[in-house]
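Just so it is clear, the model here is predicted, and its values are computed rather than measured. Chain letters run A, B, ... following the sequence lines, proteins first and then strands; every chain starts at 1.
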Amino acid sequence: MTGQPLPGFRDFFPKEHSALRSIFQAWREASRRSGFSEYEGPELESLDLYKEKSGDEIVGQLYHFKDKGDREVALRPEMTPTFARMVASQHRNYRKPIKWFSVPRLFRYERPQRGRHREHYQWNCDVVGEKSAAAEAELISTLCLGLSLLGLGPKDVVVKISDRSWWDSFLAKHGVGEKEKPDVLRILDRMEGSTPEQRKEKLGVLAGPVEDAWEGRGGDSPALMEVRKGVEALGYGEWCETDLRVVRGLAYYTGVVFEVHDRSGKLRAVAGGGRYDDLLKKLGGEDLPATGFGMGDAVLAELLREKNIQSVEPSAAEIFVVAEAGEKAMGLALVGQLRRGGFCADYDPGAGKLGKQLELAEAKGARWALLVGRESAEGKFGLKELATRRQVEVRWSKGPDGNICLEPNPGEWAKVVGS
RNA sequence: GCGGCCGUAGUUCAGUUGGUAGAACUCCAGAUUGUGAUUCUGGCUGUCGCGGGUUCGAAUCCCGUCGGUCGCCCCA
């Protein structure tokens, strides 16, 4: 018996799954309210799709294998290549800007760590075909809306906004060639938390100007200002900060980039994204401007836990029918009818003593217990609110269609019991 | 790929200088067949992560391995 999932994979028991669902719900709700449409692609893609974008080194980090048709395939590590392919093939059928989102489950073969497993869900939002800063503003405000639906606010998280193109001209001005650029950007990407001495050692003559830039003396980025203006107008100005230290490791970003961090700075980035105007073309598609972000469930869940924001576990049943031994048939008839009527109804299949049934009702989290006893012959059931232990009587009668009519009906129970 | 800590019942853990394993909670069943938060009684489960070594004897010491966790490396 193997009692554990594979390394880096997670089981979601009802409680954890409930927390996961509430995250999904916030993501989807924020996306739809913001005018994004949901799409989905295959979990399994050809290995080449990822090699094209990231080079052969990526292969070591993928779950990949040969299928029975001898194709090299990989579980998707990210959504962007799939998204790019889908957009490239059909974009003429959609008015621009295309605003799509997805909540894919992604896989990476790497060492599991805090907030990073071998499998996770990631909220992806992308805008294609919009060159202006409005695209970034849309994405950032959608992202903030999503976080706020989960109970997080600007006191908990911060959207750090930066600009790759600003860094491009900065590096050009200081004589960094195209070839060294990626390396320098990578160094900058993880300079946070380093001491001025360490920076000096790694950056050499660049250390001074970089220091200035970080302190806000590096001059303005028009694109970044535009984005901030847009986000501000949409009502999320206080969530954002300009922070040129954010450069993002990925090579393909071309413009404004951003990351969401918890205010305490303890956790990994909750989300990250930016403009990738050349990527769609590079992946063999059309030359379309694009911006997007991704937000994983793992770090987010950790942040929610840290902030003590817990989703309420919905009970498995709203109404629990408790029947005396001689009234089982009536009990089942009620259960079936309540279910058809749109209520969540459950009962004790073992149907032991009433006390046991009530215990089960409470353990299952039901709000009401409908007690079917010998009074049912006189047209009466007991109705009990489990939490308050208050009990009243409800009347029932057979309707013309043979259905059991409850008086009052379940929608009015809360009023009748008076809690 | 590298390093720290950890791995004992379903769960959380205890286990003293090495002497063949315990508690709490959960779960199941009951306290004379109509009402559950307390109480009482009884019951279940462990190859003490796995493999090897030292020893008369290992949950305990040593090595390896797998898994977990945290931090690096790398990277979304």
Side-chain angles (χ1 to χ4, degrees), chain A residues 1-11 13 15 50 53-55 57-62 76-81 104 106-124 182-183 185-187 189-190 193 246-253 257-260 266-274 276 292-300 302 320-327 331 348 350-366 368-377 380-393:
Chain A
M1 185 184 75
T2 52
Q4 287 184 331
L6 287 169
F9 285 76
R10 301 170 291 171
D11 286 334
F13 289 89
K15 192 174 174 190
Y50 302 110
K53 182 188 163 207
S54 312
E57 318 82 62
I58 189 78
V59 174
Q61 311 213 18
L62 300 183
R76 60 187 177 194
E78 55 166 333
M79 201 55 177
T80 304
L106 306 175
F107 305 85
R108 302 186 78 81
Y109 197 92
E110 61 184 357
R111 182 120 185 162
Q113 284 172 57
R114 184 175 195 200
R116 172 169 277 199
H117 313 280
R118 285 181 171 176
E119 139 280 317
H120 72 136
Y121 292 94
Q122 190 182 62
W123 180 26
N124 277 255
D183 287 334
L185 283 173
R186 246 202 338 231
I187 291 169
D189 187 32
R190 56 190 69 114
V246 173
V247 294
R248 316 264 317 134
L250 264 58
Y252 59 68
Y253 287 114
V257 292
F258 51 91
E259 283 179 354
V260 179
K266 277 187 200 156
L267 303 172
R268 292 168 190 281
V270 175
Y276 52 97
F293 74 82
M295 181 188 297
D297 74 289
V299 178
L300 179 59
E302 223 171 312
F320 204 95
V321 175
V322 170
E324 194 188 353
E327 301 291 341
D348 182 358
K353 304 197 306 192
L354 289 191
K356 290 285 177 194
Q357 295 188 47
L358 283 163
E359 273 179 30
L360 187 60
E362 181 155 62
K364 293 271 187 180
W368 306 106
L370 197 52
L371 302 152
V372 183
R374 51 183 82 105
E375 301 86 352
S376 77
K380 294 174 195 166
F381 295 139
L383 171 64
K384 189 163 199 168
E385 189 174 38
L386 272 324
T388 62
R389 322 201 134 208
R390 247 175 267 172
Q391 187 169 335
V392 297
E393 236 173 35

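Of the candidates B:rA76, B:rU35, B:rG3, B:rU35 carries the atom nearest the A:Leu354 side chain, counting heavy atoms from C-beta on. For A:Glu78, whose side chain is taken as the heavy atoms from C-beta onward, the closest listed nucleotide among B:rG36, B:rA76, B:rG68 is B:rA76. Among the nucleotides B:rG1, B:rU35, B:rA31, the one closest to the side chain of A:Lys353 is B:rA31. Closest to the side chain of A:Leu371, from the set B:rC75, B:rU35, B:rU69, is B:rU35. When each of B:rG36, B:rA76, B:rG68 is scored by its nearest atom to the side-chain atoms of A:Ala269, the top-ranked nucleotide is B:rA76. Comparing atom distances between the A:Arg114 side chain and each of B:rU35, B:rG71, B:rA76 picks out B:rG71 as nearest. Here B:rU35 is the nucleotide among B:rG68, B:rG36, B:rU35 with the atom lying nearest to any side-chain atom of A:Gln391.
The separation of B:rU11 from B:rG4, taken at their P atoms, amounts to 28 Å, rounded to a whole angstrom. Here the separation of B:rG46 from B:rC5, taken at their C1' atoms, is 25 Å to the nearest Å. Taking the C1' atom of each, B:rG57 and B:rG19 are spaced 6 Å apart, rounded to whole Å. Taking atom P in both B:rG49 and B:rG10, the straight-line distance is 13 Å, to the nearest Å. Atom P of B:rU60 sits at a distance of 13 Å from the matching atom of B:rA21, rounded to the whole Å. Taking the C1' atom of each, B:rU54 and B:rU12 are spaced 33 Å apart, rounded to whole Å. With P as the reference atom, B:rA29 and B:rG67 are 39 Å apart, rounded to whole Å. Rounded to whole Å, the P atom of B:rC27 lies 22 Å from the corresponding atom of B:rU8.
In this structure, A:Glu110 reaches neither bases nor backbone, as no heavy-atom distance under 4.0 Å exists between it and the strands shown.
One interatomic measurement links the two molecules: CZ of A:Phe9 to P of B:rG67, which rounds to 13 Å at whole-angstrom precision. The CZ atom of A:Arg118 sits 18 Å away from the P atom of B:rC75 (whole-angstrom rounding). Between A:Phe258 atom CZ and B:rA76 atom C1' there is a gap of 14 Å when expressed in whole angstrom units. Atom CG of A:Asp11 and atom C1' of B:rG68 are 14 Å apart (whole Å). A:Gln113 places its CD atom 8 Å from the P atom of B:rC72, with the value rounded to the nearest Å. The interatomic distance linking A:Arg116 (CZ) with B:rC73 (P) rounds to 12 Å, in whole Å.
Comparing A:Gly373 and A:His117, the nucleotide of RNA chain B nearest to each residue sits closer to the 5' end for A:Gly373.
Open room surrounds OH on A:Tyr109; 12 or fewer heavy atoms of other groups in view lie less than 6.0 Å from it.
Exactly one of A:Leu383, A:Leu358, A:Val321 qualifies for a side chain to side chain contact (heavy atoms under 4.5 Å, CB included) with A:Leu371. That residue is A:Leu358.
The line from CZ of A:Arg118 to CG of A:Leu106 is 15.5 Å long, rounded to the nearest 0.5 Å.
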